Amino acid sequence: MSENVVHLHKHTNTPAAVDTAPTVLTVVPDAPPVRPVPLWVRSGRAVKTAVTHERTRTAGRAVVRHGLYTFNGGRIAARRAWDGRTGSRYERMIRAAEAAGNLEAAEEWEERLQRFRAARHHRRMDLLHSPVDAAKGVAVGAGMSVGVLVALGVIMAISTGQAGDVVTPLSATIDFIALLIRIVQIVWGPAVTIGPFLALLALWSVGRKQHAAPQWALPANVRSGEGEPITPSIVVKALRDLGVPALARAIKEMGDAGASMLGPITIAGCGVEVDVTLPSGVSTNEVQSKRRKLAENLTRHEHEVFITIPQAARTVRLWIADSGALDEPIGPSPLVTDETMTADYKKGRAPWGQDLRGDAAALSLYQRHLLITGLSNQGKTVALRSLALWLSLDKSVQFLMGDLKGVGDWAMFDGLATTLIQGPTDEHVVQVTEMVESAVDEMNRRIQAPPGTQFPPLIVLVDEAQVAFMCPAKDKDKRPYGGSKANSRYFMAVRKIHNQGRAVNVLMWQGTQDPTNENLPKLVREGAHTRASLALGTESQARMALGDKAVDGGAAPNLLRPGLDRGTLVVASDGITIPAGQSSITVRTHYIDDDAATAITDRAKALRDGVTTLHALERKEEHDPLADVAAVIGDAPRVRTKDVLARLATRNAGAYGEWSFIDLKRVLDDAGAEPYKSDGVMVVSRDRVARALANRDTDGSASVE
């Protein structure tokens, strides 16, 4: 492409100018010319900008709002006038009472309607005679007035001696009436002109007071509804606009008496509570499934409205928080404020937090296995730790603790817990598993004790238990530590404690994240007597955490706000006071920081004589019990269990010297080589043990679930 070069010399009128260098301009003939934007395009852009401008929108909303105020104000005034002149109000009340099944109220309103109609008939009959009576009254009144005025004139004439004063009062009255007529003539024209505007202003005022315009057209402060008190009419409107056709039709038939569905609205903590009896054809789950829309209709956020199912049939219980109240922190824990507080494992209750009513929420821990779950960083460890802190103030309680996060959240229990293992590795999982298995051995020892023996509480606590369930490590017998199979060591140890530990005060407490079938097996989560959940992601996770019954009854930890509702738990347990008819309760737990927790454990340590905490379990000499059993049996087809125990003790006194029949039976039962009776004595079969060894080597154990 060629270039055209044009030289432009700079000229100046001053001799001092010496810059005569040419300026070179490069011109490209092929470049398309720049065309001006058409006027109609610029006008369209200007119109679009004006239409979308916020001031334009505000002005448009104002026009629509005030116009609808006037129009709907007229409708409201007409409706009120119609209700006042007819029996429609009474008819609505009768329909509402019949819909609610209250026949006594229906009869009472029907009686009132009959009295209203009788009174109205009497007034109409009086109107037939009123014109004649009014004319007679006017004639008599006028005659009497003229007579009075004339008599007054006569008196004035006698007094003054002037005969003309007889008509003076009558003349003055006529002049006064003429003045009134003149005033009316002057005012009538402007009144006729201004009157319609005054009427429109009155209708506008009625509509404005009732906010008779769409929500999008109302002012921002009215549209937000922040802090608006909950009244029966607001609840009825919220239910009517919920999008349930049968409910909307029933409320429409009831008219303004839709509030008959509502029980008393009572103050409940930082909100109000009301029971709603749904009309026929509307199920409770239809309302539960529309929680967000109901909350927005009540000018609340979703987390500020809770829907539960009480015992009464076809009834939902609404708890509606004061706007913003749930975002305010609750007070400190009594464990922090009361330095004289002690605990009682059997009769006491741990101060855990507050329920939504603002009442103290206290949890009984007596003979109850515990499971707390939720998403990461929602306050699970703090909630679990606060229960352990309270229980530590009972000096009879013993702790075995495993923290599989290992960042020091439980470090203050060093010198208080008998065992404290902290760390996230597979080796730590192995140590924690052996700690739980040692608790199983202690449980078995207690079970074999004489009846009536009292045992101190032993709390086996594992935080971040999902790390143990998902651990891939195996022992030398190829038994996995994690998983949910019959040979999974951690899983089976927890199951055994769940099955029998409660009776001898050996309790399993676990905290875990994000429950799934992989990191929290079904049999383990269902073995907990107290189940609590922080914020979760889905309803299926909520069912895993709390069970179907609690979720079907309204428990919804999946609707808690991650991060914002940190420390808020949904609890299903018989150890906490739950309102009648509900299957769960929502608790806002007290926050106890590390420094306060350390101060509490210092008080707990002062109650004890001193505890030496193990941070790792001593490993016994490695041995293979099943292989050793096979070795001591030898070639005999079967051997008495008593002889097997004696031979094992001779073979390895350190490992088997204290073994009892229970220990031998546990090993053989786990391997599938159970001892049996032969000729009235318990024996161990050589073939069963050999088969168990072969099956173990091929890892053919079946899953429990």
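All values derive from a computational prediction rather than experimental measurement.
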message: Is it true that R525 and N517 share a donor-acceptor pair across their side chains at a distance under 3.5 Å?
response: yes

task: Please test Q466 against D514 for side-chain contact (heavy atoms from CB on, under 4.5 Å), starting from the C-alpha separation and ending with a verdict.
output: CA-CA 9 Å; Q466 78 280 354; D514 194 14; over 6 Å; no

How long is the span from the [atom1] atom in [X] to the [atom2] atom in [Y], to the nearest 0.5 Å?
X    : Y    : atom1 : atom2 : result
Q398 : T419 : CD    : OG1   : 10.0 Å
N444 : I662 : CG    : CD1   : 7.0 Å
L384 : L389 : CG    : CG    : 9.5 Å
T586 : D565 : OG1   : CG    : 9.5 Å
S583 : D548 : OG    : CG    : 11.0 Å
I421 : H428 : CD1   : NE2   : 8.0 Å

query: For R638, does the CZ atom sit with more than 12 other heavy atoms under 6.0 Å from it, leaving out its own atoms?
result: no

message: Within a 6.0 Å radius of atom CD1 on I447, are there more than 12 heavy atoms belonging to other residues, nucleotides or ligands?
response: yes

Taking only residues two or more places apart in sequence, or in another chain, which ones meet [X] in a ring pair (Phe, Tyr, Trp, His ring centres under 6.0 Å)?
X    : result
Y345 : Y366
W410 : F413
H369 : H498, H529

task: Without swapping roles, check the side chain of K485 against the backbone of F491 for a donor-acceptor pair under 3.5 Å.
output: no

- request: Check each of V429, T512, T425 against L404 using the side-chain contact (heavy atoms from CB on, under 4.5 Å) test, and report the only one that passes.
  value: V429

Do the side chains of [Y] and [X] get nearer than 4.5 Å, heavy atoms only?
X    : Y    : result
V639 : R647 : yes
C471 : Y490 : no
L375 : L534 : no
V629 : L664 : yes
Y676 : S678 : yes
Q541 : N558 : no
Q367 : N505 : yes
F469 : S484 : no

task: Provide the full list of salt bridge (Lys or Arg N to Asp or Glu O under 4.0 Å) pairs with a residue in residues 437-465, sequence neighbours left out, each pair given once.
output: K380-D463, K380-E464, K405-E464, E437-R489, E442-R445, E442-R446

field: salt bridge (Lys or Arg N to Asp or Glu O under 4.0 Å) pairs, two or more places apart, involving residues 383-399
entry: R385-D594

task: List in chain and number order the residues that pass salt bridge (Lys or Arg N to Asp or Glu O under 4.0 Å) with D426, two or more places apart in sequence or in another chain; answer none if no residue qualifies.
output: none

